[in-house]
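Residue numbers begin at 1 in each chain, while the letters A, B, ... track the order of the sequences. This is a predicted model, so every value here is computed, not measured.
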Protein chains: 2
Amino acid sequence: MPRAATTSDAFNAIAEPQRRAILTLLKARERPVGYLASELGITQPGTSKHLRVLRDVGLVRVRQVGQRRLYGLEAQGLQPIHEWVGGFEQFWNESFDRLNEYVKELQREEQSDGGDG
Amino acid sequence: MPRAATTSDAFNAIAEPQRRAILTLLKARERPVGYLASELGITQPGTSKHLRVLRDVGLVRVRQVGQRRLYGLEAQGLQPIHEWVGGFEQFWNESFDRLNEYVKELQREEQSDGGDG
DNA sequence: GAAGTATATTCCCATATGGGAATACGTCAA
DNA sequence: TTGACGTATTCCCATATGGGAATATACTTC
């Protein structure tokens, strides 16, 4: 089985650096494909393909303006990621109760282990 | 060019659901491979492979205890993700100044566009 | 309709993948 | 050492990938 499709969810979609760069660029405002392509330094078709993925997972929206297509941020799809990752915040912020217990438990096990080598 | 390696960074590593499940399981405490495998409902080698990826990107650590290897969370690697995604929070939280300006700008462009069809 | 601009899709390819199966490695017990 | 257990690695494979090149589609102006 290969890796899950990039379009299977936002986690997979934002794993690609260029797609993250696109989202960052869209923070300022809507942008046409050509602008994004030149900013990223990749081809127009390449940019369109990345935008296609972001669209499939609902991280951007498009609207037609004349002969251009303006892509805009649809950030709601990032919220689940933020929440999932946020669930680990307590573990990278030290000085937290559960972390203390955790460490104590480790030390207990280490004792029944031996010590230095 | 294929997709970037799953071991290239935390973004790629956590794109895989089973690996996220592993990290979630490790919140409670360190666990041996066998436990994780049975919880995930996948094989031991499969579990080891996922753990290898997580280890390569620094999201878990191992320590040998007897003949078992206890894997534990190393959540610091998730912090950059949290920060990157957090940079979009203002865009999924409506009622924000910049978002208001954004919308106004859109409406201006829409006017010079025409109207309904 | 024809020409021009902006974007999307298709075709091609080397490569990494996740799972299964088989096997190697490391530790413990006797 | 032998046997048993827990874990890691290797081999195999169908599949999705991101980029490049070529082409199709859409909109605008003439």
(request) Dump the intermediate steps for side-chain contact (heavy atoms from CB on, under 4.5 Å) on R52(B) and H50(B), then the final yes or no. (result) CA-CA 5 Å; R52(B) 178 70 162 137; H50(B) 283 312; over 6 Å; no
(message) Just to be sure I understand the rule, does P32(A) reach a base, reach only the sugar-phosphate, or reach nothing, if contact means heavy atoms closer than 4.0 Å?
(response)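 Result for P32(A) = sugar-phosphate.
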(request) Would you indicate, yes or no, if dA8(D) has its OP1 or OP2 atom less than 4.0 angstrom from a side-chain nitrogen or oxygen of R52(B)? (result)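 So the side chain of R52(B) is outside the cut-off, no N or O lying under 4.0 Å from OP1 or OP2 of dA8(D).
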So which protein N/O to nucleotides 25-30 of chain C N/O distances come out below 3.5 Å?
residue : atom : partner : partner atom : Å
dT27(C) : O3'  : G66(B)  : O            : 3.4
dT27(C) : O2   : Q67(B)  : NE2          : 3.4

(message) Between E74(B) and R55(B) (salt bridge meaning N to carboxylate O under 4.0 Å), is one present in this structure?
(response)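 No.
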(message) Salt bridge check, E30(B) against R63(B): does any charged N sit closer than 4.0 Å to a carboxylate O?
(response)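 Salt bridge between R63(B) and E30(B), a charged N being under 4.0 Å from a carboxylate O: yes.
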(message) Please determine whether residues L78(A) and F91(B) belong to a single hydrophobic cluster, defined as Ile, Leu, Val, Met, Phe, Trp and Tyr linked transitively by side-chain heavy-atom distances below 4.5 Å.
(response)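 Shared cluster, yes.
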(message) With a 4.5 Å cut-off on side-chain heavy-atom distances among I, L, V, M, F, W and Y, is there a chain of contacts connecting L59(B) to I81(A)?
(response)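 Hydrophobic grouping puts L59(B) with I81(A).
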Please write out each protein N/O paired with an N/O of nucleotides 14-19 of chain D under 3.5 Å, distance rounded to 0.1 Å.
residue : atom : partner : partner atom : Å
dT17(D) : OP1  : T6(A)   : N            : 2.6
dT17(D) : OP1  : T6(A)   : OG1          : 2.7
dG18(D) : OP1  : R19(A)  : NH1          : 3.4
dG18(D) : OP1  : R19(A)  : NH2          : 3.0
dG18(D) : O4'  : M1(B)   : O            : 2.9
dG18(D) : N2   : M1(B)   : N            : 2.5
dG18(D) : N3   : M1(B)   : N            : 3.1
dG18(D) : N3   : M1(B)   : O            : 2.5
dG19(D) : OP2  : H50(A)  : NE2          : 2.6
dG19(D) : N7   : K49(A)  : NZ           : 3.1

(message) Does Q44(A) contact dA8(C) through a side-chain donor or acceptor facing the base, at a distance under 3.5 Å?
(response)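 In this structure, the two groups form a donor-acceptor pair.
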In whole angstrom, what separates [X]'s [atom1] from [N]'s [atom2]?
{"X": "L51(A)", "N": "dT9(C)", "atom1": "CG", "atom2": "P", "result": "11 Å"}
{"X": "R31(A)", "N": "dT7(C)", "atom1": "CZ", "atom2": "C1'", "result": "18 Å"}
{"X": "Y71(B)", "N": "dG6(D)", "atom1": "OH", "atom2": "P", "result": "15 Å"}

(message) A side-chain contact here means heavy atoms from C-beta on lying under 4.5 Å apart; do Q76(A) and W92(B) qualify?
(response)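 Yes. Closest side-chain heavy atoms under 4.5 Å.
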(message) Using the rule side-chain contact (heavy atoms from CB on, under 4.5 Å), only one of V62(B), V60(B), L26(B) pairs with L54(B); which is it?
(response)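 The side-chain contact (heavy atoms from CB on, under 4.5 Å) with L54(B) is passed solely by V60(B) among V62(B), V60(B), L26(B).
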(request) Measure up the W84(B) and F11(B) rings against each other and bin them: parallel (under 30°), tilted (30 to 60°), perpendicular (over 60°). (result)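 Ring orientation, 0 to 90° scale: perpendicular.
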(message) Quick check for you: among dT7(D), dT7(C), dT9(C), whose closest atom lies nearest to any side-chain atom of V33(B)?
(response)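 In terms of side-chain proximity for V33(B), the closest of dT7(D), dT7(C), dT9(C) is dT7(D).
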